[in-house]
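See below for the structure under consideration.
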Amino acid sequence: MLKLFNTLTRSKEDFIPIDGKNVLMYSCGPTVYNFQHIGNLRTFFFEDILFRVLKYNDYNVRYVMNITDVGHLVSDQDVGEDKMEKSAKQLGKSVWEIADYYTEIFKRDISLMNIFPPDVYSKATDFIQEQIDLIKCLEAKGYTYQISDGIYFDTSKFPDYGKLAKLDISGLKEGSRIEFSQEKRNITDFALWKFSPENEQRQMEWDSPWGRGFPGWHIECSAMSKALLGNHFDIHCGGIDHIPIHHTNEIAQSEACNGEKFVNYWLHGEFLDMGNEKMSKSSGKFITLQTLMDKGYSPMHYRYFLLMAHYKKKLKFTYEALDAAKSGYNNLSGKILNLRKNPPSEKTLPVSERMKNFENRFLDRINDDLNMPEAMSVLWDMLKDEDLNQDEKYFLALDFDRVFGLGLENLRSDINEEVIPEDIQILIEKRKEAKKNKDFKSADEIRNSIREKGYDILDTKDGTQIKKLN
RNA sequence: GGCGUGGUACCCAAGUGGCUUAAGGGGAAAGUCUGCAAAACUUUUAUUCGACAGUUCGAAUCUGUCCCACGCCUCCA
């Protein structure tokens with residue numbers, strides 16, 4: 001039985017879908033006015049693990065992720081500059097070009113990290129009519145009011161407002177860190193529709209029954225999930241920062257309009273802990289996947305790093321820790337490659353008691369709220385087991401990798417696959433000769449010069465092998 | 001001011017009342033192998049879980065106090 005920690009109840013619950021083996025899942029995707037940083041990637045990775053564990057448990061998953069391509073504001077108190085427009089202005093491009101550009105980079109990054117794409121990417125700007133309709137629904141039911149800069153949701157009319165975050169509204173300090181609109185009736189009220197500024201031509205704006213403008217940030221997820229998954233679905237996930245505002249507001253909007261429960265299971269991924277340096281996208285200072293790749297880490301090294309911690313715990317990011325993950329991943333790859341040397345004669349092999357035992361341990365760990373660190377330790381224990389044969393280990397490793405997503409099936413050996421340059425070949429022959437003559441001094445010198453040229457020598461039982469250093 | 005999280009070996013990090021006198025990875029050390037290295041393999045590496053009290057037959061896990069670090073109450077994964 002799969003158990004998941006539900007933010008709504010703050011407890012681990014048995015996962016029971018609304019419709020048998022069919023699961024409906026929505027996750028809050030990227031805002032595409034800038035690159036995704038490695039913290040954002042941690043959240044998409046967590047959602048990928050959730051998706052993979054559901055698949056491993058034989059569920060059919062319909063998975064929707066939104067792309068926030070419409071400009072939302074610098075502050076959620078609904079004042080300030082529009083991030084999309086700001087970014088466009090800086091780069092001298094249209095907001096539409098900006099959105100497309102960063103969307104493509106996002107898709108490239110998650111593909112490099114072996115993160116499965118959702119069944120549907122839903123762009124906020126493709127669902128403007130649905131958002132307007134939802135606001136009309138809320139208006140008809142008396143949840144909205146208009147002030148000078150837009151249409152707002154009156155949170156005092158929604159009795160359970162704040163239940164997800166267990167918000168103590170009286171304890172909130174309005175305007176403690178930012179100016180807020182004096183016209184709002186309650187500090188938690190939020191914009192559903194914002195009017196375009198009088199004196200400014202926005203690149204993204206639409207007509208609505210209330211005037212020309214653009215949707216508030218929260219409404220897109222309520223409108224798109226309703227359109228693509230229905231009023232009531234199984235799982236909604238995102239980063240932990242979305243609990244108090246974004247998801248709280250989504251629940252209010254959706255349940256107020258639909259008159260029924262919105263989502264059964266809310267899951268949230270913790271932040272990557274960067275130490276003193278906080279990485280928020282709006283600050284512009286952050287590390288991307290490309291940064292890591294430029295420093296010689298592969299996306300799989302980063303994925304292995306993320307696998308070492310549970311999604312609900314902060315994970316300290318340091319290059320020292322990433323180096324450990326890099327070594328760990330490389331060691332694992334080496335082992336897998338070794339197991340594959342003599343490929344199994346049979347496509348399938350009978351599952352032994354011993355294998356069954358490891359499969360059960362693995363399933364038990366992943367189904368306990370996606371405990372990847374423990375699942376990884378099952379993998380390592382399995383690889384070191386004395387009673388399993390090579391084929392059985394290889395078979396199990398690939399099976400586990402359906403969840404880990406480390407690409408173990410498609411690993412390529414870096415030994416002898418590169419074309420070795422001629423000058424290196426000559427040196428290798430020379431060294432062979434020297435070794436034959438027991439002239440170890442020369443042999444060592446030659447080895448050193450080969451190393452300087454970026455290749456390493458491995459003397460194995462089967463002869464000398466050459467490996468390109470990275 | 002309010003709310004919340006966490007402190008486990010050199011590093012990352014599981015474990016949340018007895019199966020654990022604490023997983024796994026990295027690192028380090030020793031050994032096997034080797035002309036020597038590298039690789040590979042084997043072994044070792046916290047009687048201890050921020051500190052101090054307490055509850056219990058039994059605690060890293062529960063309670064209390066204290067110390068430290070961090071997050072949220074703008075946007076943010």
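Below, chain A is the first sequence line, B the second, and so on; all start at residue 1.
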Please pick, from [options], the nucleotide with the shortest atom-to-atom distance to any side-chain atom of [X].
X        : options             : result
A/Asp241 : B/A13, B/C76, B/C36 : B/C76
A/Glu320 : B/A77, B/U5, B/C11  : B/C11
A/Asp444 : B/C36, B/A13, B/G24 : B/C36
A/Leu272 : B/U16, B/A77, B/G71 : B/A77
A/Ser377 : B/C76, B/G15, B/A23 : B/A23
A/Asp381 : B/G24, B/C36, B/U5  : B/G24
A/Lys313 : B/A77, B/U16, B/C12 : B/U16
A/Ala443 : B/C70, B/G35, B/A77 : B/G35
A/Asn371 : B/C76, B/G15, B/C36 : B/G15
A/Asn331 : B/A14, B/C36, B/A40 : B/A40

[X] side-chain N/O to [N] phosphate OP1/OP2 under 4.0 Å:
X        : N     : value
A/Lys438 : B/G35 : no
A/Thr31  : B/A77 : yes
A/Lys384 : B/G25 : yes

Between [M] and [N] - [atom1] atom distance, rounded Å:
N     : M     : atom1 : answer
B/C66 : B/G7  : C1'   : 14 Å
B/U63 : B/G17 : C1'   : 13 Å
B/U61 : B/G15 : C1'   : 9 Å
B/G18 : B/A13 : C1'   : 24 Å

Between [X] and [Y] (salt bridge meaning N to carboxylate O under 4.0 Å), is one present in this structure?
X        : Y        : answer
A/Lys441 : A/Glu445 : yes
A/Arg447 : A/Asp444 : yes
A/Lys312 : A/Asp369 : no
A/Asp154 : A/Arg185 : yes
A/Lys356 : A/Glu359 : yes

Without decimals, in angstroms, what is the distance between [X] [atom1] and [N] [atom2]?
X        : N     : atom1 : atom2 : value
A/Leu289 : B/A77 : CG    : P     : 16 Å
A/Leu339 : B/C41 : CG    : C1'   : 14 Å
A/Leu379 : B/G25 : CG    : P     : 10 Å
A/Lys184 : B/U74 : NZ    : C1'   : 10 Å
A/Met382 : B/G25 : CE    : C1'   : 15 Å
A/Arg361 : B/A14 : CZ    : C1'   : 13 Å
A/Ile240 : B/C72 : CD1   : C1'   : 9 Å
A/Lys316 : B/A14 : NZ    : C1'   : 14 Å

Checklist entry - In chain order, what residues pass the ring-ring contact (aromatic ring centres under 6.0 Å, His included) check against A/Phe51, with sequence neighbours excluded? => result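 Once residues adjacent in sequence are excluded, the partners of A/Phe51 under the ring-ring contact (aromatic ring centres under 6.0 Å, His included) criterion are A/Tyr63, A/Phe116.
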
Checklist entry - Does any N or O donor sit under 3.5 Å from an N or O acceptor when you compare the side chain of A/Arg447 with the base of B/A38? => result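 Between B/A38 and A/Arg447, which were checked side chain against base, a qualifying N/O pair under 3.5 Å is absent.
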
Item to check | 5'-most by nearest nucleotide on RNA chain B - A/Met308 or A/Phe440 | outcome: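 Counting from the 5' end, the first nearest nucleotide belongs to A/Met308.
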
Checklist entry - Between A/Leu315 and A/Trp380, which has a closest nucleotide on RNA chain B that is more 5'? => result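 Here A/Leu315 is the residue nearer the 5' end.
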
Item to check | Check: A/Phe45 ring centroid to A/Tyr302 ring centroid under 6.0 Å | outcome: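 Between A/Phe45 and A/Tyr302, the centre distance exceeds or equals 6.0 Å.
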
Item to check | A/Phe317 and A/Phe305 aromatic centres sub-6.0 Å | outcome: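 Centroid separation for A/Phe317 and A/Phe305: below 6.0 Å.
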
At 4.0 Å (heavy atoms only), tell me whether [X] reaches a base, stays on the sugar-phosphate, or touches nothing.
X        : value
A/His310 : sugar-phosphate
A/Phe46  : nothing
A/His268 : nothing
A/Lys335 : sugar-phosphate

Checklist entry - Is there side-chain contact between A/Arg361 and A/Asp381, with heavy atoms separated by less than 4.5 Å? => result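 Side chain of A/Arg361 against side chain of A/Asp381, heavy atoms only: contact under 4.5 Å found.
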
Checklist outcome for this item: A correct dot-bracket answer for RNA chain B, with pairs being Watson-Crick or G-U at under 3.5 Å, [ ] for crossing pairs and | for inter-strand pairs, is ((((((((.[[[..)..(.....]]]((((((.......))))))....[[[[[..)....]]]]])))))))....

Item to check | Parallel, tilted or perpendicular: rings of A/Phe233 and A/Tyr26 (30°, 60°) | outcome: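 Tilted, since the angle between the ring planes falls between 30° and 60°.
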
